[in-house]
Colleague: 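Could you have a look at this structure, given as structure tokens, before my questions?
Only a predicted model underlies this, so the values are computations on that prediction, with no experimental measurement involved.
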Amino acid sequence: MKTTESTIVQLKRFFNKVSQKFPSTEEPVIMTDIHLSVSQDTGELLAFDDNDNEITRCVVDQWINCKEQDFYINIAGVLREVLKEMGDVVDCLSILKPYSFILENDDREHFAELYLVDSDIRIIGGDLMNGLDDDLNKFLDNLLKE
């Protein structure tokens with residue numbers, strides 16, 4: 001799916017609405033994640049806090065009734081790119097750091113970590129500890145051999 005310019009505009013507007021809920025001039029809110037839930041059938045994109053309170057929502061026209069098998073993989077990439085472009089906005093939310101943007105599927109199950117904001121770092125992309133299980137297994141195997 002090639003992302004249209006109108007989709008990018010809608011997503012930027014969506015993240016601006018999220019930032020308006022947490023202006024940088026206010027006392028930081030204790031929260032760890034902003035959960036993004038996307039419906040493949042309706043194209044609806046919703047943002048929730050840790051307590052499942054809705055922050056904002058929008059309908060992305062291009063995503064309505066999208067039947068692509070790798071839908072969530074594609075939109076994760078699009079959302080990461082928009083978050084990266086809007087770093088100056090999403091890095092300054094009045095949320096206690098570190099916080100992250102998490103993508104969830106229709107069933108509100110964790111799909112991907114999109115963007116992590118900490119005091120000195122920004123992590124954009126998939127698993128933060130990619131390959132950790134393999135590394136730990138190799139370490140344990142080597143330790144048990146000795």
Side-chain angles (χ1 to χ4, degrees), residues 1 3-140 143:
M1 160 180 26
T3 306
T4 64
E5 186 62 33
S6 65
T7 296
I8 300 295
V9 169
Q10 283 179 296
L11 294 175
K12 287 181 178 182
R13 191 175 311 130
F14 175 84
F15 288 117
N16 278 321
K17 286 181 183 178
V18 170
S19 72
Q20 290 169 2
K21 301 285 180 159
F22 305 101
S24 60
T25 57
E26 293 186 12
E27 191 68 27
V29 175
I30 297 174
M31 195 167 85
T32 58
D33 297 317
I34 295 175
H35 303 268
L36 305 177
S37 178
V38 178
S39 172
Q40 193 168 357
D41 295 328
T42 64
E44 193 168 44
L45 173 63
L46 296 103
F48 294 94
D49 65 14
D50 290 329
N51 297 319
D52 287 335
N53 297 316
E54 185 178 316
I55 299 169
T56 191
R57 70 174 56 209
C58 77
V59 174
V60 179
D61 298 329
Q62 185 180 8
W63 296 347
I64 296 173
N65 291 322
C66 184
K67 301 298 181 200
E68 290 186 12
Q69 292 224 346
D70 50 358
F71 173 76
Y72 288 102
I73 294 169
N74 289 336
I75 63 165
V78 171
L79 291 169
R80 280 186 187 112
E81 285 302 312
V82 172
L83 285 164
K84 184 178 173 184
E85 274 184 50
M86 298 187 68
D88 57 331
V89 174
V90 296
D91 290 355
C92 302
L93 303 181
S94 63
I95 299 173
L96 205 56
K97 292 180 181 173
Y99 60 89
S100 57
F101 289 84
I102 306 290
L103 177 62
E104 297 174 346
N105 62 18
D106 280 333
D107 299 322
R108 300 278 321 267
E109 296 169 341
H110 176 89
F111 182 79
E113 185 144 21
L114 301 173
Y115 193 84
L116 175 99
V117 179
D118 202 347
S119 297
D120 298 332
I121 60 170
R122 308 302 171 264
I123 298 175
I124 304 165
D127 295 330
L128 299 179
M129 298 188 178
N130 194 15
L132 181 64
D133 285 341
D134 293 337
D135 290 344
L136 289 175
N137 287 336
K138 288 177 188 174
F139 174 76
L140 184 60
L143 189 63

Colleague: Strictly by modelled atom types, are D91 and Y115 linked by a side-chain donor-acceptor pair under 3.5 Å?
Modeller: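 The answer is yes; a qualifying pair exists.
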
Colleague: Does R80 count as lying over the ring of F101, i.e. NZ or CZ under 6.0 Å from the six-ring centre, within 45 degrees of the axis?
Modeller: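 No cation-pi geometry.
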
Colleague: Just how far is it from atom CG of L79 to atom CZ of F14, taken to the nearest 0.5 Å?
Modeller: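 Output value for this atom pair is 8.0 Å.
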
Colleague: Using 0.5 Å steps for rounding, measure from the OG1 atom of T3 to the CD atom of E81.
Modeller: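 The CD atom of E81 is 9.5 Å from OG1 of T3, to the nearest 0.5 Å.
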
Colleague: Check whether E44 reaches the backbone of V38 with its side chain - one donor and one acceptor, N or O, closer than 3.5 Å.
Modeller: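 The answer is no, because no donor-acceptor pair under 3.5 Å joins these two groups.
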
Colleague: Between atom OG of S19 and atom CD1 of I55, what is the distance when rounded to the nearest 0.5 Å?
Modeller: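 So the gap between those two atoms works out to 11.0 Å.
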
Colleague: When you measure from the side chain of N16 to the backbone of K12, do you find a donor-acceptor pair of N or O atoms at a distance under 3.5 Å?
Modeller: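 Answer holds: yes.
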
Colleague: Side chain of D107, backbone of E109: donor and acceptor closer than 3.5 Å?
Modeller: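 Flag not set: sc D107 to bb E109 has no pair under 3.5 Å.
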
Colleague: Let me see the working for V59 and I64 under side-chain contact (heavy atoms from CB on, under 4.5 Å), right down to the final yes or no.
Modeller: CA-CA 8 Å; V59 174; I64 296 173; 3.8 Å; yes

Colleague: Hey, could you give me the CG/CG distance between L114 and D33, rounded to the nearest 0.5 Å?
Modeller: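 Nearest 0.5 Å value for the CG-CG distance: 10.5 Å.
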
Colleague: Please determine whether the number of non-hydrogen atoms from other residues, nucleotides or ligands lying under 6.0 Å from atom CD of E54 exceeds 12.
Modeller: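 Count over threshold, so yes.
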
Colleague: Looking only at side-chain N and O atoms, does Q62 offer a donor or acceptor that is under 3.5 Å from a partner on T7?
Modeller: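 Yes.
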
Colleague: Looking at CD of E104 and OH of Y72, how far apart are the two atoms once the value is rounded to the nearest 0.5 Å?
Modeller: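 The OH atom of Y72 is 10.0 Å from CD of E104, to the nearest 0.5 Å.
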
Colleague: Please check if the side chain of D50 supplies one atom and the backbone of T32 the other of a donor-acceptor pair under 3.5 Å.
Modeller: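 Answer holds: yes.
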
Colleague: Quick check against the 3.5 Å criterion: does N105 have a side-chain atom that pairs as donor or acceptor with the backbone of R108?
Modeller: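 Yes, because the side chain of N105 sits within donor-acceptor range (under 3.5 Å) of the backbone of R108.
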
Colleague: Checking the side chain of D49 only, and the main-chain atoms of N51 only, is there a donor and an acceptor separated by less than 3.5 Å?
Modeller: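 Looks like yes, one N/O pair under 3.5 Å.
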
Colleague: Nearest 0.5 Å please: distance from the CG atom of L103 over to the CD1 atom of I75.
Modeller: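 Going from the CG atom of L103 to the CD1 atom of I75 covers 5.0 Å.
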
